[in-house]
Amino acid sequence: MQDLLTERYDPALIEPAVQAQWDDQRTFAAVEDPAREKFYCLCMFPYPSGRLHMGHVRNYTIGDVIARYQRMLGKNVLQPMGWDAFGLPAENAAIENNVPPAEWTRSNIAYMRGQLQRLGFAYDWSREFATCDPSYYRWEQWFFSRLYEKGLVYRATAVVNWDPVDQTVLANEQVIDGCGWRSGAPVERREIPQWFLRITAYADELLDELDRMDDWPDAVKTMQRNWIGRSEGLSIRFALSDGSGDLEIFTTRPDTLYGATYMAVAPEHPLTLQAAASHADIAAFVESCRHQSTSEAVLEKMEKQGVQLPFTVEHPLTGEALPVWTANFVLMGYGTGAVMSVPAHDQRDWEFARKYQLPIVQVVAPTDDKGADIESAAFTEHGIAINSGSYDGLDFQATFDAIADRLTAEGRAERRVQYRLRDWLVSRQRYWGCPIPVVYDADGECQPESDAQLPVVLPENVAWEGVTSPLKKLPEFATTVLADGRPGSRETDTFDTFFESSWYFSRFCCSDQKESMVDGRADYWMPVDIYIGGIEHAVLHLLYARFFHKAMRDAGLVHSDEPFTRLLTQGMVCKETYFREGTSGRKQYFNPADVDVTTDEKGRAITARLRADGDEVTIGPVEKMSKSKNNGIDPQTLIDRYGADTVRLYTMFAAPPEQSLEWSDTAVEGAFRFLKSLWRLTLRHASERPQEQGNKPLLPALRTLRRHIHETIAKVSDDVSRRYKFNTAIAAVMELVNHLTRAEADTGEAWSVMQEGLETAVLLLAPIVPHITQALWQALGHDGLLAEQTWPVLDSAALDRDTLELVVQVNGKKRAVVNVAPDADRETCEAAALADSNVQKFTTDRVIRKVIVVPGKLVNLVVQD
RNA sequence: GGCGUGGUGGCGGAAUUGGUAGACGCGCUGGACUCAAAAUCCAGUUUCUUCGGAAGUGUGGGUUCGAUUCCCACCCACGCUACCA
């Protein structure tokens, strides 16, 4: 290392040398120690797609900065890394390149692991695993059986996208404009039996706990609340007029019951289907709805349509006969697939009633005197009951309760809580996933595979023909012998990959455990203290993981209610786009690396030309880096050119973690420049070590420099620990380095303050740029690892000032800055302000009506014009 | 439509509890060094200006001695979600 401390900053030599020191000393291996406070820092593990992208770099750098900072505070830190290794892209690669998914995945992991190591992240690699390892997924198979025993697993039919040409089930993202992505054939909807997890059993807890999760972003909590979508209402049975049964509906507005003028049921509702059997027009409508629902784009502007059904129901309060319609806006999947329509107070019902000339009866009046214009739109707010018999004059809650109580007493209704949340469909008709551990006997009766038979191993050396899952064609997998000796067959569906990512954080605590899913080490490390990842996982992954953790808790496996104490959601990494528009209007995008941009004298982009042909390309908006926009910057190229520290520094400096980050190549250059100048400054200083360090009292200039040093410690500590604002932390260190650069180091005392300043800068930057700071730490005369050092301690005495700058305003406008003693009283401040010549220009010959003194900050003189 | 986030120089961003708007960095302009280039260093850089100042944080109001910050109304952008009864 010592021979690397030359005039030239060469990250390509320094970084591997420092990483070798960490590896030799197993610096980041985490060991459970009940005597020490733990800190579990986790980033969402990556899908091994091939190469790291800039989003990964940003995510993992944020996590690494936090983990390394917590280490320096003395905490026992666990920061693991692994691979979310099952998933569709591996199958696609297999089809395209004829490589088995396992092989493709494992070689990607090997490459990406190398990239992560090159970036110098402080991971405990001894805990690494991939979710496609049987030693990992066997335990989720085992846990599936526990959930099955508890009744939290069930089998039911569900609709899938079926490609009639390829004879396979398609994932939603494989359906493009209603057609199969490979075959181009129109996708059909098929109902097949699939496995579900009863997440709805935990709906209330998942919802209620959000109120106590103070360290989660409000945005994410709101999204989860909306997703769970709890609503309280009344389930009411309307009697069919012919006495053949009831039509059950769910409403959150029983207070509008008197305004119900018709009923609307879904096209798939049994009563609709029953009527369709004997009425051609209804059957035709049902058929047209079936086709409409496939394309979501059409749904957006779809007009409300319906057909009247050949029967009526009885209004439970008035006894009036109400017509029943089937309508395309009523969803079979929510509530009972039927609604009571109150056109005066529901916009959809209003539009439908208008179109088909159904009566609109107002039964709620607004509480203010604005009135409600039922002619132009529905009045959907709560108000006072009118036209509602004996309930007139009651407010929303009173009407709700009175009607609910009456109908409940009459046996026509029950209060009910309805969720938008559906049970979690975990079956995937895919090969590259964890086999669902279920076996069937000859009659199709199913049971979970016995624990002794686990894991049900996914065969990895499979011949891939066409596009369908090879599992179904593998007799050695698909056939088996049941526990009682009878012949049986295996489930060939695999788990949704969210299944694996729902508990990997617990497994990291004890990934070498062969006898159980988790052990007592999970009690030491869990819950995760901070979880960092993209906002795109706000609902699905983070909700499934919360549910799974609670299910594991109830099985006695873990002992916390929530898996993630704090959540930090990072913003997207964005970049300008460049494109040309073809004659068909289709855009062809060019990578920023292949485009030259010219600017005017203000630095505004004027034109962009493709380097290959020199012709102009259009400068498009700044968008999230993506394959489709071809605006990705390859991190590896930057690491090769500038080193890991520069890439880490720039990603932390360009924007705060939660905001989107606009990538700028020239600003990366600036980050590199800063590291180079810190390097030069430190080495020059180290070479000037004086014989005598000096112990005279510090001159004012040096006291000021020391104050800057300790102000920086205060600022950076707050930014990193409380605010998670690494951009301003870095800016503060840059400012300190600017001060140090300008300082004269001509005495022993000056050298010592400089030494303190540089040591401080190195320590404060250590979590962000760990390689260069390690080298500089040695240049400053220290042995050993910077990673084992403690965070700098603030010397609050160093913050004391001789004088304070006080801003003087006249009528709120800044007119002067005057110096006063830090403990100056009001009168002194006021006098100093009035004595300033520039202030006097605005105060002479005018009456000072009021003086506001904010101690230590400013004086505002309010004068009469 | 609903929910959420945001709107500040040429650009990324800063201003943490209502108290100096534009920290830090990029870019740009000028200069030094150099045969030259790169690298490096120095100075300047919100706009307008009669060089006194004036205006200025999406728009329009309000509260306040004082508002990027709080309140009301609106506009725009992005994200998620979507006929949820």
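Residue numbering restarts at 1 for every chain, and letters A, B, ... go by the order of the sequence lines.
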Enquirer: Should the pair A:Lys676-A:Glu669 be classified as a salt bridge under the 4.0 Å nitrogen-to-oxygen rule?
Expert: no
Enquirer: Of the listed nucleotides (B:A54, B:A85, B:G13), which one gets closest to any side-chain atom of A:Lys813?
Expert: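 Of all the options, the side chain of A:Lys813 is nearest to B:A54.
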Enquirer: Under 4.0 Å from OP1 or OP2 of B:C26: is there any side-chain N or O of A:Arg673 that close?
Expert: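 Indeed, a polar side-chain atom of A:Arg673 lies that close.
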Enquirer: Identify each atom pair where a protein N or O and an N or O of nucleotides 15-20 of chain B are less than 3.5 Å apart, giving names and distance.
Expert:
unit_1, atom_1, unit_2, atom_2, d
B:A15, OP1, A:Arg723, NH1, 3.1
B:A15, OP1, A:Arg723, NH2, 2.9
B:U16, O2, A:Asp718, OD2, 3.3
B:U16, O2, A:Arg722, NH2, 2.5
B:U16, O4, A:Lys715, NZ, 2.1
B:U20, O2, A:Lys814, NZ, 2.8

Enquirer: Is it the case that over 12 heavy atoms from other parts of the model lie below 6.0 angstrom from the CD atom of A:Gln397?
Expert: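 Atom CD in A:Gln397 is crowded, with more than 12 foreign heavy atoms closer than 6.0 Å.
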Enquirer: Can you tell if the side chain of A:Arg230 reaches within under 4.5 Å of the side chain of A:Asp204, non-hydrogen atoms only?
Expert: yes
Enquirer: What's A:Val330 touching, base or sugar-phosphate or nothing? Going by heavy atoms closer than 4.0 Å.
Expert: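 Base contact.
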Enquirer: Syn or anti for B:G66? Use the chi torsion, O4'-C1'-N9-C4 for purines and O4'-C1'-N1-C2 for pyrimidines, with syn inside 90° of 0.
Expert: anti
Enquirer: With a 4.5 Å limit on heavy-atom distance, are the side chains of A:Val862 and A:Val851 in contact?
Expert: no
Enquirer: Would you indicate what A:Arg416 reaches in the nucleic acid, counting non-hydrogen atoms under 4.0 angstrom: base, sugar-phosphate, or nothing?
Expert: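 Result for A:Arg416 = nothing.
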Enquirer: Pairs counted only when both distances fall under 3.5 Å, Watson-Crick or G-U: show me the 5' to 3' dot-bracket for RNA chain B, [ ] for pseudoknotted crossings and | for other-strand partners.
Expert: (((((((..(((......[....)))((((((.......))))))(((....)))..(((((..]....))))))))))))....
Enquirer: If you assign each of A:Ile730 and A:Arg680 to its closest nucleotide in RNA chain B, which residue comes earlier from the 5' end?
Expert: A:Ile730
Enquirer: By the 4.0 Å heavy-atom rule, please label A:Gly670 as base, sugar-phosphate, or nothing.
Expert: sugar-phosphate
Enquirer: May I ask you to say what A:Ala731 touches in the nucleic acid, namely base, sugar-phosphate or nothing, with a heavy-atom cut-off under 4.0 Å?
Expert: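 A:Ala731: base contact, heavy atoms under 4.0 Å.
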Enquirer: Can you tell me if A:Arg348 touches the phosphate of B:G1, counting only side-chain N or O atoms and a distance under 4.0 Å to OP1 or OP2?
Expert: no
Enquirer: Check whether any side-chain N or O of A:Asn226 sits under 4.0 Å from OP1 or OP2 of B:C84, and answer yes or no.
Expert: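 Indeed not, no polar side-chain atom of A:Asn226 lies that close.
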Enquirer: Within the 4.0 Å limit for protein heavy atoms, which parts of nucleotides 73-78 of chain B are touched? Write it as a string from 5' to 3', B for base, S for sugar-phosphate only, - for none.
Expert: ------
Enquirer: Return no unless some side-chain N or O of A:Asn727 is found under 4.0 Å from OP1 or OP2 of B:A14.
Expert: yes
Enquirer: Under 4.0 angstrom, heavy atoms only, what part of the nucleic acid is A:Ser341 near: base, sugar-phosphate, or nothing?
Expert: nothing
Enquirer: Any side-chain N or O of A:Arg8 under 4.0 Å from OP1/OP2 of B:U40?
Expert: no
Enquirer: Scan A:Arg849 against the nucleic acid and name what it touches under 4.0 Å (heavy atoms): base, sugar-phosphate only, or nothing.
Expert: nothing
Enquirer: Can you tell me if the side-chain N/O atoms of A:Lys841 get under 4.0 Å from OP1 or OP2 in B:G53?
Expert: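 Yes, because at least one side-chain N or O of A:Lys841 sits under 4.0 Å from OP1 or OP2 of B:G53.
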Enquirer: I'd like to know if A:Lys221 and A:Asp211 make a salt bridge, using a cut-off of under 4.0 Å between side-chain N and carboxylate O.
Expert: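 Salt bridge between A:Lys221 and A:Asp211, a charged N being under 4.0 Å from a carboxylate O: no.
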Enquirer: Rounded to the nearest angstrom, tell me the gap between atom CE in A:Met734 and atom P in B:C24.
Expert: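 My rounded result for the distance is 11 Å.
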Enquirer: Between A:Val733 and A:Ala761, what is the shortest heavy-atom contact and its length?
Expert: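 Closest heavy-atom pair between A:Val733 and A:Ala761: CG1-CB, 4.1 Å.
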Enquirer: Looking at A:Lys857, I'd like to know if its NZ atom is crowded, meaning that more than 12 non-hydrogen atoms belonging to other residues, nucleotides or ligands lie closer than 6.0 Å.
Expert: no
Enquirer: Considering only NZ, NE, NH1 and NH2 on the basic side and carboxylate oxygens on the acidic side, decide whether A:Asp246 and A:Arg412 come within less than 4.0 Å.
Expert: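 Result for this pair is yes, salt bridge flagged.
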Enquirer: Heavy-atom nearest nucleotide on RNA chain B for A:Glu735 versus A:Gly333: which residue maps closer to 5'?
Expert: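 Nearest nucleotide further toward 5': that of A:Glu735.
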Enquirer: For the backbone of A:Ala729 and the side chain of A:Asp719, can you confirm whether one donor and one acceptor N or O come within less than 3.5 Å of each other?
Expert: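 Between the backbone of A:Ala729 and the side chain of A:Asp719 there is a qualifying donor-acceptor contact (under 3.5 Å).
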Enquirer: Where do A:Thr336 and A:His269 come nearest, in terms of heavy atoms and distance?
Expert: O-CD2, 3.5 Å
Enquirer: As a test of the definition: with a 90° window around 0 for syn, would you call B:G79 syn or anti?
Expert: anti
Enquirer: Any side-chain heavy-atom pair from A:Phe396 and A:Glu381 closer than 4.5 angstrom?
Expert: no
Enquirer: Are A:Phe352 and A:Trp325, when compared by the centres of their aromatic rings, separated by less than 6.0 Å?
Expert: yes
Enquirer: Reckon A:Asn838 touches a base, only the sugar-phosphate, or nothing at all at heavy-atom distances under 4.0 Å?
Expert: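 Sugar-phosphate contact only.
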Enquirer: Looking only at atom C1', what distance separates B:U69 and B:G22, rounded to whole Å?
Expert: 15 Å
Enquirer: Under 4.5 Å between any side-chain heavy atoms of A:Leu322 and A:Tyr262, yes or no?
Expert: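 The answer is no; the side chains never approach within 4.5 Å.
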